[in-house]
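Residue numbers begin at 1 in each chain, while the letters A, B, ... track the order of the sequences. Computed from a predicted structure; not experimentally measured.
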Amino acid sequence: MRRLQARGVSVRFGSLQALDDVSLSIEAGRAVMLVGPNGAGKSTFIKVLLGLVRPDHAVFESDAGRVSIDNAWKERIGYLPEAVAFSENLSGRQLLGFFASARGVARSRVDVMLERVGLAAAGRRAIRGYSRGMRQRLGLAVAILSTPELLVLDEPTAGLDQEGLSVLWSVIAEWREAGRMVIASTHDLALMERRIDEICVLRGGRVLAHGTAEDLRRSAELPHRIWLETGQSPEAKVELLCAAMRKWGKGRIERVGDRVLVEVAADETLELVEIQSGFPGVVQGLRVEEPTLDVVYDKLLGVA
Amino acid sequence: MMGRVGRALVWHELLERTRDRWVIVISVLFALLASGVGLYGRSAEADVAKLTGPSLVTLASLLVPLVALVLSHDAIVGERERNTLGLLLSLPVGRFEVVAAKFLGRSLALTAAVVLGLGAAMLVSEAGGAATLMTLMGPTLLLGLAFLSIGVLISALTRRQATAASVVVVVWFGLVFFYDLGVLGLLVITDGGLPQSVVSALVVGNPAGLYRVQMMHDLAGFEALQDLGVTTGLPGAAATALLWCGWLVLPTAISGVLLSRRKVI
């Protein structure tokens with residue numbers, strides 16, 4: 001599968017329009033992150049994709065043609081549910097053994113998967129003794145057991161420690177490199193940002209924005225924060241620099257100890273660098289901070 | 001015909017249920033009490049069909065429904081509460097098949113519990129009595145499966161496992177203890193004016209009642225039923241088989257339909 005496209009996905013629960021004409025496409029080798037406030041429709045979209053919610057309208061297409069959400073389709077998907085709590089009476093190995101049988105995967109994959117998610121030592125222990133992070137890693141092992149073409153992850157970072165996060169990042173990277181697809185719903189924008197290719201922001205069941213992190217930053221039109229380190233430079237010269245920038249009049253300027261903070265639009269950064277170069281020896285260091293994805297997200301959602 | 005996922009789920013359910021401590025506790029309790037009844041019958045040197053058998057019927061009619069309901073009450077709602085129902089249904093399997101596989105897997109666990117209990121009684125009873133007690137096996141399994149099916153339905157109808165647990169306790173008390181009292185109450189209120197066919201229908205309309213009446217009839221003969229006030233209108237073999245089929249199939253089938261028709265999991 002080189003491409004999957006969802007068009008016009010609409011779901012209504014009574015008076016609630018959970019999804020309203022949502023369209024989304026994903027290419028092979030790409031990872032898409034679904035973000036949005038609670039009730040935005042992220043989980044509902046995922047559930048439609050998995051056949052767990054019957055949409056009022058939806059069209060799914062791949063490069064091979066129309067896709068029906070049937071058993072053949074489900075063979076191609078791996079799923080990690082949010083906050084999954086497996087039966088505590090079984091061991092991790094027994095649980096994976098069941099999913100291996102159900103997926104028609106060789107039993108030898110069970111040990112490989114336990115090793116892959118760092119649970120080889122705990123594989124024979126009852127799940128009741130697992131920490132939350134270990135359970136989440138076990139869920140990840142279930143999701144990737146059959147090497148699905150599309151990996152669907154619902155809040156995959158929840159409960160994971162650094163070791164678990166490393167496993168998750170390596171799985172996502174592996175899926176992208178192998179030309180498979182990943183769709184992840186999350187609230188952890190900052191954590192996920194560097195591991196995914198595209199972000200789809202949902203609100204009220206509609207797509208608010210969709211693109212790369214860079215696309216979203218651009219569309220949010222938030223200023224970059226530029227820190228100018230003045231170190232031991234004479235006060236008079238620093239004031240002269242500040243005065244020049246105020247005269248330029250395109251950004252907000254603030255003195256913070258021996259540093260100067262300037263907030264300017266992304267496309268004005270170079271101009272600022274040129275201004276400061278007119279004051280040789282005053283600026284000893286320069287650091288550019290892009291707006292974080294959390295700030296971009298808040299701006300897109302209209303959160304103060 | 002059950003597919004790959006369904007078959008895997010049957011064995012998974014069996015494995016999981018046989019590790020449930022409540023199921024183990026009640027099954028062992030049933031086995032201990034059943035072997036106690038067997039030992040008592042042996043020491044009393046009474047006819048197995050007149051003492052040990054009827055006593056085991058009474059014991060089984062109390063405990064087997066309880067084992068079955070404990071086994072089944074979380075079949076659907078437990079998965080939903082643990083967030084694993086979606087994971088299960090994201091596998092290439094139909095919703096109806098999931099319910100059927102859960103019923104079958106738990107039926108195997110129930111069979112193990114019943115065989116363990118009645119087997120213990122047979123082992124300790126007097127020589128020759130085991131064959132008589134063996135006749136209890138089939139109907140006792142049917143009784144358990146009927147309650148298992150009811151438990152699956154309860155698990156499909158409830159939204160929380162705690163609610164399902166409460167409902168099965170009510171159902172157990174209701175069908176095992178109070179139902180017959182209710183029928184007796186009706187007889188008292190009507191001053192015995194209810195036709196025997198209605199009384200019989202009411203008694204056998206409850207799987208626990210059907211089991212008791214059928215077993216009393218098979219073990220101790222028609223006179224034993226007359227002692228209980230039932231004189232006519234007992235269903236024939238075909239009707240009895242049909243009743244058991246209904247209790248076994250209908251609640252599970254309704255559960256499957258309910259899950260299949262659900263818009264969101």
Taking [atom1] in [X] as the centre, count heavy atoms belonging to other residues, nucleotides or ligands within less than 6.0 Å. Is the count above 12?
{"X": "Arg3(A)", "atom1": "CZ", "result": "yes"}
{"X": "Met134(B)", "atom1": "CE", "result": "no"}
{"X": "Tyr179(B)", "atom1": "OH", "result": "yes"}
{"X": "Glu115(A)", "atom1": "CD", "result": "no"}
{"X": "Trp73(A)", "atom1": "CH2", "result": "yes"}

### Query
When only pairs under 4.5 Å are counted, which of Ala83(A), Ala143(A), Gly97(A), Gly139(A) shares the most heavy-atom pairs with chain B?
Ala83(A)
### Summary
Highest number of heavy-atom pairs under 4.5 Å with chain B among Asp70(A), Leu95(A), Leu52(A) belongs to Leu52(A)
Between [X] and chain B, which part of the residue has a heavy atom less than 4.5 Å away: side chain, backbone, both or neither?
{"X": "Val142(A)", "result": "side chain"}
{"X": "Phe86(A)", "result": "both"}
{"X": "Ile77(A)", "result": "neither"}

### Task
Examine whether an atom of Leu15(B) lies under 4.5 Å from a heavy atom of chain A, and if so say whether it belongs to the side chain, the backbone or both; otherwise answer neither.
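Both parts, backbone and side chain.
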For [X] versus [Y], what's the shortest heavy-atom pair and its separation?
{"X": "Ser101(A)", "Y": "Arg4(B)", "result": "O-CG, 3.4 Å"}
{"X": "Lys74(A)", "Y": "Leu89(B)", "result": "NZ-O, 2.8 Å"}
{"X": "Ala102(A)", "Y": "Leu91(B)", "result": "CB-CD1, 4.0 Å"}
{"X": "Arg262(B)", "Y": "Arg54(A)", "result": "O-NH1, 3.0 Å"}

#### Entry: Side chains of Leu88(B) and Phe98(A) in contact at under 4.5 Å (non-hydrogen atoms)
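Leu88(B) vs Phe98(A): side chains touch.
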### Query
Is the shortest heavy-atom distance from the side chain of Lys47(A) to the side chain of Ser90(B) under 4.5 Å?
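The answer is no; the side chains never approach within 4.5 Å.
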### Query
Between OG of Ser87(A) and CZ of Arg17(B), what distance do you get to the nearest 0.5 Å?
6.5 Å
### Message
Out of Arg19(B), Arg21(B), Lys263(B), return the one with the most heavy atom pairs under 4.5 angstrom to chain A.
### Response
Lys263(B)
### Message
Quick check on the interface: out of Gly78(B), Gly3(B), Gly86(B), who has the most heavy-atom pairs with chain A under 4.5 Å?
### Response
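Of the options given, most contacts go to Gly86(B).
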## Note on the structure
Listed by number, the residues in residues 136-170 of chain B that come under 4.5 Å of chain A (heavy atom to heavy atom) are none
### Query
Quick one: salt bridge (charged side-chain N to carboxylate O under 4.0 Å, His left out) partners of Arg95(B), sequence neighbours excluded?
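For Arg95(B), no residue satisfies salt bridge (charged side-chain N to carboxylate O under 4.0 Å, His left out) once neighbours in sequence are set aside.
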